[in-house]
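Values reported hereafter were calculated over all heavy atoms of this structure, with side chains retained and with hydrogens, waters and symmetry mates removed. Reminder, nothing fancy here: chain letters follow the sequence lines and each chain counts from 1.
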Amino acid sequence: MTTFADLGLSQKVLSAVTDAGYTTPTPIQAGAIPPALQRRDICGIAQTGTGKTASFVLPMLTLLENGRARARMPRTLILEPTRELAAQVAENFEKYGKNHKLNVALLIGGVSFEEQNRKLERGADVLICTPGRLLDHCERGKLLMTGVEILVIDEADRMLDMGFIPDIERIAKMIPFTRQTLFFSATMPPEIQKLADRFLQNPERVEVAKPSSTALTVTQRLVACHNKDYEKRAKLRELIGTQSELKNGIIFCNRKKDVADLFRSLERHGFSVGALHGDMDQRSRTNMLAGFKDNQITLLVASDVAARGLDIPDVSHVFNFDVPIHAEDYVHRIGRTGRAGRSGAAFTLVTRSDTKFLDAIEKLIGQKIEWHDGDISALPAPAESHDESRGKRGRDKGRERRGGHKSDTRSEYTKPVEEEVVEAVKVEAVKVAEPMKAEPVANDRRGDKRHGNNPRNNRSSQAPANDDNRDRRRNRYHDHDDGPTPVGFGDDIPAFMLVVAAAKA
DNA sequence: AAAAAAC
């Protein structure tokens, strides 16, 4: 059997790999490392979780042992689609490069230029970047790309999805064509192949099996659910509560707003939870991920920023709060669990309107996914719910106000709302033994902006559009006892009142 | 029906 010692890596690298506890390379490592050490271009087709990162980090470390970096002239350049992935590659260089004295610079957005500049001036052997920040540095004239010997383009298919290819082309043009290029992609559709043909010269092609075949260790289940956010949240909580094997889990939502909403909801329900999406400030993103990795946080609510590539070992559960719109994303998401042969569980909440996405997923993975607790046709009729009736009331009231009469209808509608609030307060008083700590863990930048300077938008974040907002009112009442919660205008607060409210605040 | 990435 091949061992790392057979691949031609330097002693320094080998001893770091041994110290990390590895002896046997994965297929992508065994296939890519020897030709990479021969200075061949590589076209690697491999998903994350296959050991892909080490397959370029280890040979790069070996090749970089001769020579030193000069100021503002990096010797190698690695392009990553997301900041978290870039940071993760940097960690790999720390880990496997501990016997080297290499300068590694991480150039990503969302953090200050200053420290990055200092590192560039010291001379970086390895530059790990997201495209935007790299180009920014280039335009400021802080960077000379003429000394780059090795270019790594990682997650090329995702770069394409994200519209980064023009940026990648601009960057590649600045680098001498004598460079060595290592190109990685999870899939090789024709556009990616064309791209590879443009960037690579006589590449060694290394392809490894998709991990969808290794995902046999993941138990996949579908959970039928009504299409209301609060029902989905309730179903999710119930599901989490019944998972005896749950060590930690990632909960995926399709939208950033839903990540923020679900995070707040779970937090209020007393779960150990974090959030991760691209509109959060970088510090929160880093903290959340770190907290989740060292088990200070049990659940991580995330957008697809976390679906691919993030190396979080030992995730026992994946919950899809939303069915992903693109079938491949399903594979990536559930690939967060059941890694390295461990067992894992993946639950997907499915509503009636999701069926066509579900069909596409089952077609892609070539199997039917079992229902957890009866399929969607067995779903009981939607319960007559507070939210639904209140939503309707809000609309009716609006119409009625514009009409300027029908006041009897109005009182008929208003009364049950008050009853409902009193009911809710009772429940809350029993359930919440002590006031929950209101520590703002997630810092939603977009949310802040909205509060800060746009009273119109502020309205939408205050309007009782879901049960979270109702919870907020309950809590306020419960915590401060400042009289009955005002029932007020519902969805139809006139704009001028919001302007006044904003001015007061 | 989305997310990601530069200030």
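- Residue A:Leu160 contributes atom CG, which lies 19 Å from atom P of B:dA3 at whole-angstrom precision.
- Of the candidates B:dA5, B:dA1, B:dA4, the closest approach to any side-chain atom of A:His277 belongs to B:dA4.
- Note on A:Asp154 versus A:Lys52: salt bridge recorded, some NZ/NE/NH1/NH2 to OD/OE distance being below 4.0 Å.
- Here the P atom of nucleotide B:dA1 and the NZ atom of A:Lys356 are 10 Å apart, to the nearest Å.
- The CG atom of A:Leu85 sits 11 Å away from the C1' atom of B:dA4 (whole-angstrom rounding).
- The interatomic distance linking A:Glu84 (CD) with B:dA3 (C1') rounds to 12 Å, in whole Å.
- Taking atom CG of A:Asn320 as the reference point, atom C1' of B:dA1 lies 15 Å away to the nearest angstrom.
- Residues that satisfy the side-chain hydrogen bond (donor to acceptor under 3.5 Å, both in side chains) test with A:Arg333, not counting sequence neighbours, are A:Asn254, A:Asp304, A:Asn320.
- Under the 4.0 Å criterion applied to side-chain N and carboxylate O atoms, A:Lys363 and A:Asp359 are not assigned as salt-bridge partners.
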Enumerate, atom names and distances included, each donor-acceptor pair closer than 3.5 Å involving a side-chain atom of residues 72-80 of chain A, sequence neighbours excluded.
{"residue": "A:Arg72", "atom": "NH1", "partner": "A:Gly141", "partner atom": "O", "Å": "3.3"}
{"residue": "A:Arg75", "atom": "NH1", "partner": "A:Leu64", "partner atom": "O", "Å": "3.2"}
{"residue": "A:Arg75", "atom": "NH1", "partner": "A:Gly67", "partner atom": "O", "Å": "3.1"}
{"residue": "A:Arg75", "atom": "NH1", "partner": "A:Asp125", "partner atom": "OD1", "Å": "2.9"}
{"residue": "A:Arg75", "atom": "NH2", "partner": "A:Leu64", "partner atom": "O", "Å": "3.4"}
{"residue": "A:Arg75", "atom": "NH2", "partner": "A:Asn66", "partner atom": "O", "Å": "2.5"}
{"residue": "A:Thr76", "atom": "OG1", "partner": "A:Asp125", "partner atom": "O", "Å": "2.8"}

Pair A:Arg221-A:Thr219, side-chain hydrogen bond (donor to acceptor under 3.5 Å, both in side chains): steps then yes or no
CA-CA 7 Å; A:Arg221 291 292 181 270; A:Thr219 309; 5.8 Å; no
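- Comparing B:dA5, B:dA1, B:dA4 by their closest approach to the side chain of A:Lys256 singles out B:dA4.
- Base engagement by A:Asp136 is indicated by at least one non-hydrogen atom pair under 4.0 Å involving a base atom.
- The base of B:dA2 lies close enough to the side chain of A:His326 for a donor and an acceptor atom to sit less than 3.5 Å apart.
- For A:Ser303 and B:dA4, the shortest distance from a side-chain N or O to OP1 or OP2 is below 4.0 Å.
- Spacing between atom CZ of A:Arg333 and atom C1' of B:dA4 amounts to 14 Å, rounded to whole angstrom units.
- One finds no side-chain N or O of A:Arg140 lying less than 4.0 angstrom from the OP1 or OP2 phosphate oxygen of B:dA6.
- Regarding contacts with the backbone of B:dA5, a side-chain N or O of A:Arg285 is found under 4.0 angstrom from either OP1 or OP2.
- Following rounding to the nearest Å, A:Asp161 (CG) and B:dA5 (P) show an atom-to-atom distance of 14 Å.
- Separating the CD atom of A:Glu80 from the C1' atom of B:dA6 is a distance of 18 Å, rounded to the nearest angstrom.
- Proximity of A:Thr130 to the phosphate of B:dA6: a side-chain N or O atom is located under 4.0 Å from OP1 or OP2.
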